[in-house]
Amino acid sequence: MNILAFDTSTLRASIAIRRHDGALWSASTDPAQRHGRMLVPTFQTLLAEAGIAAKDLKAIAVGIGPGSYTGLRVGVMAAKTLAYATGAHLVALDSLEFFARSAPILGGSLRILIDAQRGDFHVADYERIDRDAPLRKLGPTRLISGELLSTSSPTPETIGGPGVTAWKHAWPSGSTILTGDEAAPYELLAMAHAAIAEGRFSDAHSLEPGYFRESAAEDLWRARDLTSPRPPSGSPLP
């Protein structure tokens with residue numbers, strides 16, 4: 001099965017293709033470039049390298065967050081458009097799980113952070129018993145302020161994810177900090193393959209990004225004038 005999988009939850013988009021014969025291709029975009037400008041050309045480059053066309057794709061998997069409002073909107077819309085145009089299955093992936101699977105840990109507990117802006121972080125905790133064991137998620141994804149994050153329990157053995165560099169508070173004592181911001185695109189394909197095997201498909205018309213919170217524009221609207229028309233989710237500040 002030809003699969004395209006990608007995640008745009010942070011400034012650096014990760015993209016991977018698995019051809020029906022098992023051959024793999026991957027790319028990561030320059031974080032200085034906008035997803036809306038670079039995503040489709042990167043798709044086209046990888047498809048050309050793989051020797052297949054968009055119409056040959058049988059599944060399209062996309063990270064739905066949490067993460068950047070703009071990045072998630074661009075990624076989910078691209079995935080829905082491709083799935084609708086090609087008839088491929090659409091698969092939704094957890095962006096925090098993607099970063100957790102990319103983290104170089106052999107065992108123990110792992111906390112993944114994504115910067116939620118305004119002093120907050122999207123957080124999920126995972127555990128791997130040993131080198132060969134799968135990751136197990138320890139509870140739901142949550143939104144935590146940076147001030148509370150260092151004292152929240154349980155104290156993880158390892159902390160990683162793209163939000164690490166934005167955390168300006170004290171690190172939990174005894175934790176190992178992973179400061180790299182690059183993820184492994186092929187992990188998206190592994191996640192997609194597992195979802196496909198379990199029949200976890202999404203509808204191209206109804207799939208929405210998992211924002212986990214209202215946008216800054218919506219918060220500002222609530223604080224400034226509750227009688228004004230509500231701005232669309234993810235709208236930029238005036």
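Source: prediction; values computed, not measured.
Take His89 and apply the side chain to side chain contact (heavy atoms under 4.5 Å, CB included) test, not counting sequence neighbours, and it matches Ala59, Phe201. With sequence neighbours left out, the ring-ring contact (aromatic ring centres under 6.0 Å, His included) criterion links Phe98 to no other residue.
No side-chain heavy atom of Glu157 sits under 4.5 Å from any side-chain heavy atom of Leu110. No side-chain heavy atom of Ile17 sits under 4.5 Å from any side-chain heavy atom of Asn2.
From Phe43, atom CZ reaches atom CD1 of Ile60 across 8.0 Å, with rounding to the nearest 0.5 Å. To the nearest 0.5 Å, atom CG of residue Asp120 and atom CG of residue Leu113 are 12.0 Å apart. Separating the CG atom in Asp115 from the OG1 atom in Thr10 is a distance of 11.0 Å, to the nearest 0.5 Å. To the nearest 0.5 Å, atom CZ of residue Arg111 and atom CD1 of residue Ile144 are 6.0 Å apart. Atoms CD1 and OG, on Ile15 and Ser28 in that order, are 6.5 Å from each other to the nearest 0.5 Å. Taken to the nearest 0.5 Å, the OG1 atom of Thr86 stands 9.5 Å off from the CG atom of Leu4.
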Any chance you could lay out the side chain to side chain contact (heavy atoms under 4.5 Å, CB included) test for Arg101 and Leu135, step after step, and finish with the verdict? CA-CA 7 Å; Arg101 292 172 66 116; Leu135 275 175; 3.8 Å; yes

Can Phe6 and Thr42 be said to form a side chain to side chain contact (heavy atoms under 4.5 Å, CB included), step by step? CA-CA 11 Å; Phe6 59 99; Thr42 305; over 6 Å; no

Asp7 and Leu93: side chain to side chain contact (heavy atoms under 4.5 Å, CB included), yes or no, with the steps? CA-CA 8 Å; Asp7 181 271; Leu93 305 178; over 6 Å; no

Does the side chain to side chain contact (heavy atoms under 4.5 Å, CB included) test come out yes or no for Ile105 and Tyr126, once each step is laid out? CA-CA 11 Å; Ile105 67 165; Tyr126 299 84; over 6 Å; no

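Of the possible donor and acceptor atoms, one in the side chain of Lys80 sits under 3.5 Å from a partner among the backbone N and O of Leu207. The backbone N or O of Ala124 lies less than 3.5 Å from no partner atom in the side chain of Thr141, so there is not a single donor-acceptor pair. Within the 3.5 Å criterion, the main-chain N or O of Gly71 finds a donor-acceptor partner in the side chain of Thr8. Under the 3.5 Å distance criterion, the side-chain polar atoms of Arg18 are left unmatched by any main-chain donor or acceptor of Ile3. Put simply, the side chain of Ser109 never gets that close to the backbone of Glu127: no donor and acceptor are under 3.5 Å apart.
Between Tyr84 and His205, the ring-plane angle classifies as perpendicular under the 30° and 60° cut-offs.
Each of Tyr186 and Leu57 belongs to its own hydrophobic cluster when Ile, Leu, Val, Met, Phe, Trp and Tyr are linked at side-chain heavy-atom distances under 4.5 angstrom. Using a 4.5 Å cut-off between side-chain heavy atoms of Ile, Leu, Val, Met, Phe, Trp and Tyr, with links allowed through other members, Ile112 and Leu178 fall into the same hydrophobic cluster. Hydrophobic clustering (side-chain heavy atoms under 4.5 Å, transitive across Ile, Leu, Val, Met, Phe, Trp, Tyr) keeps Ile64 apart from Val91. Connection of Leu72 to Val74 is not established within any shared hydrophobic cluster, with ILVMFWY side chains joined at heavy-atom distances below 4.5 Å, either directly or through further cluster members. Tyr211 and Leu11 fall into different hydrophobic clusters, where Ile, Leu, Val, Met, Phe, Trp and Tyr are joined by side-chain heavy atoms under 4.5 Å apart, directly or via other members.
Summarising the geometry of Pro156 relative to Ile159, their closest heavy-atom pair is CG-CG1, 3.6 Å, with the distance given to 0.1 Å. Annotation for Leu46 and Ser26: closest pair CD2-O, 3.8 Å, computed over non-hydrogen atoms. The two residues Ser9 and Phe99 come nearest to each other via the heavy atoms OG-CE1, 3.5 Å. A pairwise comparison of heavy atoms in Ala13 and Leu39 identifies CB-CD1, 4.3 Å as the closest pair. When every heavy atom of Val62 is checked against every heavy atom of Gly75, the shortest pair comes out as CG2-O, 3.7 Å. Contact record, Ser102 with Ala184: OG-N, 3.0 Å, taken as the closest heavy-atom pair.
For the pair Asp21 and Arg19, the salt-bridge criterion is met [side-chain N within less than 4.0 Å of a carboxylate O].
Shown here is Glu49, whose CD atom has more than 12 heavy atoms of other residues, nucleotides or ligands within 6.0 Å. Counting heavy atoms of neighbouring residues, nucleotides and ligands inside a 6.0 Å radius, atom CD1 of Ile177 exceeds 12 of them.
Here salt bridge (Lys or Arg N to Asp or Glu O under 4.0 Å) pairs that include residues 53-66, with residues two or more places apart or in two chains, number zero.
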